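Below, chain A is the first sequence line, B the second, and so on; all start at residue 1. Keep in mind that this is a model prediction, so the values were computed, not measured.
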Amino acid sequence: MKIATWNINSLRVRLAHVLRWLDANHPDVLALQETKTEDRNFPVVEFEAVGYSAAFCGQPTYNGVALLSPLTMEVFATALPDYHDAQKRVLGASIGGLAVLNLYVPNGQSIDSDKYHYKLGWLAQLNQWVATLLKKHSQLVILGDFNIAPEDRDVYDPQAWAGQVLVSEPERAAFRKLLQIGLKDSFRLFQQMGGHYSWWDYRAAAFRRNQGLRIDHILLSPALADLSRAIVIDREPRGWERPSDHTPVMVELGV
DNA sequence: ATGGCGCGCGCAGCGCGA
């Protein structure tokens, strides 16, 4: 199975990119974030035409998550449990015997903002939930835009970024908690070097200069980590015309 | 050099993302 994540920064604008990428890669699951699309406008027909069914949880203008798969999907969550949040950032579904949880973690804006505290609270609630999910599902995938660069090797200029949102210690501690309860960062199962990123600023030719951050992740339960075969950060779509500022990350599993 | 781009909304220019 091939399972991928991609923040596409508006599905309406990037639909052709998503279709092109599906055709080239044929993932069994593609998790999308920042669809920015209301459910009634979701392009169900366009995906069905290429053999993918869709599950989605959207809102106007902001946020929005979706799962695409040729397999049958049974949605089990569209929000964090017991947590009041109007923002559509969560979509969990059972797909091909796996529990797949697609997340668009809050950005946080800056460490002195209300949005930062919302992010930390959201992550705390996520951590509680994931602990119970992990007990229930031996084959669990948690993937998406985490808006956290876990370590300095995931940051192009750690000194410039030190202490800022996306790399601050409380955010990194929340990410490490997910690893401490048993999840594996699939990328680090295969690659230890720095310089591998999933997001680059649109400005200042950041992609050309590889000035990016690794903030999009695929976390695997121990049983799935044992079955993982390869990980790819596909930089190609970032070079297409009018690209998303994120690029797809895909793991291959021997299931 | 702290801007720089691109999105939605909606028709000017702002809020937001990372």
Side-chain angles (χ1 to χ4, degrees), chain A residues 5-18 21 31-43 56-66 85-90 102-123 126 143-172 174-175 187 194-217 233 235 237-249:
Chain A
T5 180
W6 193 6
N7 179 323
I8 36 87
N9 186 16
S10 170
L11 182 55
R12 185 180 66 82
V13 172
R14 230 72 67 190
L15 177 59
H17 283 201
V18 177
W21 196 81
L32 301 174
Q33 304 85 37
E34 283 206 84
T35 54
K36 299 185 178 181
T37 303
E38 289 175 80
D39 289 349
R40 61 187 170 89
N41 295 328
F42 197 92
F56 38 85
C57 183
Q59 66 184 88
T61 310
Y62 301 116
N63 311 312
V65 282
D85 186 5
Q87 302 186 23
K88 304 300 188 186
R89 300 178 173 278
V90 174
N102 178 15
L103 301 177
Y104 176 46
V105 176
N107 171 280
Q109 196 168 56
S110 65
I111 61 165
D112 56 1
S113 73
D114 291 344
K115 294 190 179 73
Y116 181 74
H117 296 288
Y118 163 63
K119 180 180 192 173
L120 294 182
W122 196 98
L123 286 165
L126 173 71
L143 77 175
D145 179 358
F146 284 72
N147 272 316
I148 301 170
E151 301 176 52
D152 279 354
R153 60 181 164 164
D154 303 309
V155 180
Y156 74 92
D157 186 347
Q159 287 173 340
W161 277 90
Q164 295 194 54
V165 73
L166 311 187
V167 310
S168 75
E169 182 48 33
E171 294 165 82
R172 285 179 165 178
F175 187 86
F187 185 78
H196 295 274
Y197 309 125
S198 64
W199 169 87
W200 302 262
D201 201 308
Y202 283 119
R203 299 167 293 185
F207 179 60
R208 182 175 57 74
R209 299 194 282 169
N210 197 31
Q211 296 184 340
L213 303 174
R214 194 175 70 90
I215 55 176
D216 299 271
H217 307 298
I233 298 179
R235 295 162 57 100
R238 190 61 174 78
W240 294 345
E241 193 174 344
R242 293 184 80 195
S244 169
D245 44 356
H246 297 250
T247 208
V249 181

To the nearest Å, how far apart are [X] [atom1] and [N] [atom2]?
{"X": "A:His17", "N": "B:dG6", "atom1": "NE2", "atom2": "P", "result": "12 Å"}
{"X": "A:Lys88", "N": "B:dG17", "atom1": "NZ", "atom2": "P", "result": "17 Å"}
{"X": "A:Asp114", "N": "B:dG15", "atom1": "CG", "atom2": "C1'", "result": "15 Å"}
{"X": "A:Glu241", "N": "B:dG6", "atom1": "CD", "atom2": "P", "result": "11 Å"}
{"X": "A:Glu171", "N": "B:dG17", "atom1": "CD", "atom2": "P", "result": "13 Å"}
{"X": "A:Trp199", "N": "B:dC5", "atom1": "CH2", "atom2": "C1'", "result": "11 Å"}

Side-chain N or O of [X] closer than 4.0 Å to phosphate OP1/OP2 of [N]:
{"X": "A:Asn7", "N": "B:dA18", "result": "yes"}
{"X": "A:Asn107", "N": "B:dA18", "result": "yes"}
{"X": "A:Tyr104", "N": "B:dA18", "result": "yes"}
{"X": "A:Arg14", "N": "B:dC7", "result": "yes"}
{"X": "A:Asn9", "N": "B:dG6", "result": "no"}
{"X": "A:Arg203", "N": "B:dG6", "result": "no"}

>> Side chains of A:Tyr156 and A:Asp201: any donor to acceptor distance under 3.5 Å?
In response: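 The criterion, which ignores hydrogens and geometry beyond distance, is not satisfied for A:Tyr156 and A:Asp201.
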>> Taking the P atom in each of B:dA1 and B:dA12, what is the distance between them to the nearest angstrom?
In response: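 Result for the P pair: 38 Å, nearest Å.
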> With side chains defined as the heavy atoms from C-beta onward, is the minimum distance between A:Asn9 and A:Arg242 less than 4.5 Å?
Replying inline: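 No, their side chains stay 4.5 Å or more apart.
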> NA contact type, A:Gln109, heavy-atom cut-off 4.0 Å: base, sugar-phosphate, or nothing?
Replying inline: base
>> Base, sugar-phosphate or nothing for A:Val13? Non-hydrogen atoms, less than 4.0 Å.
In response: sugar-phosphate
> Using purine N1 to pyrimidine N3 plus N6-O4 or O6-N4 for Watson-Crick, or N1-O2 and O6-N3 for G-U wobble, both under 3.5 Å, which nucleotide pairs with B:dC5?
Replying inline: B:dG17
>> Only pairs with both distances under 3.5 Å count, Watson-Crick or wobble alike; so what is the partner of B:dC11 in this structure?
In response: none
> Does the pair A:Tyr104 and A:Gln87 meet the rule for a side chain to side chain contact (heavy atoms under 4.5 Å, CB included), with working shown?
Replying inline: CA-CA 10 Å; A:Tyr104 176 46; A:Gln87 302 186 23; over 6 Å; no
> Quick check: are there more than 12 heavy atoms from other residues, nucleotides or ligands sitting under 6.0 Å from CG of A:Asp114?
Replying inline: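 Atom CG in A:Asp114 is not packed in, count stays at 12 or less.
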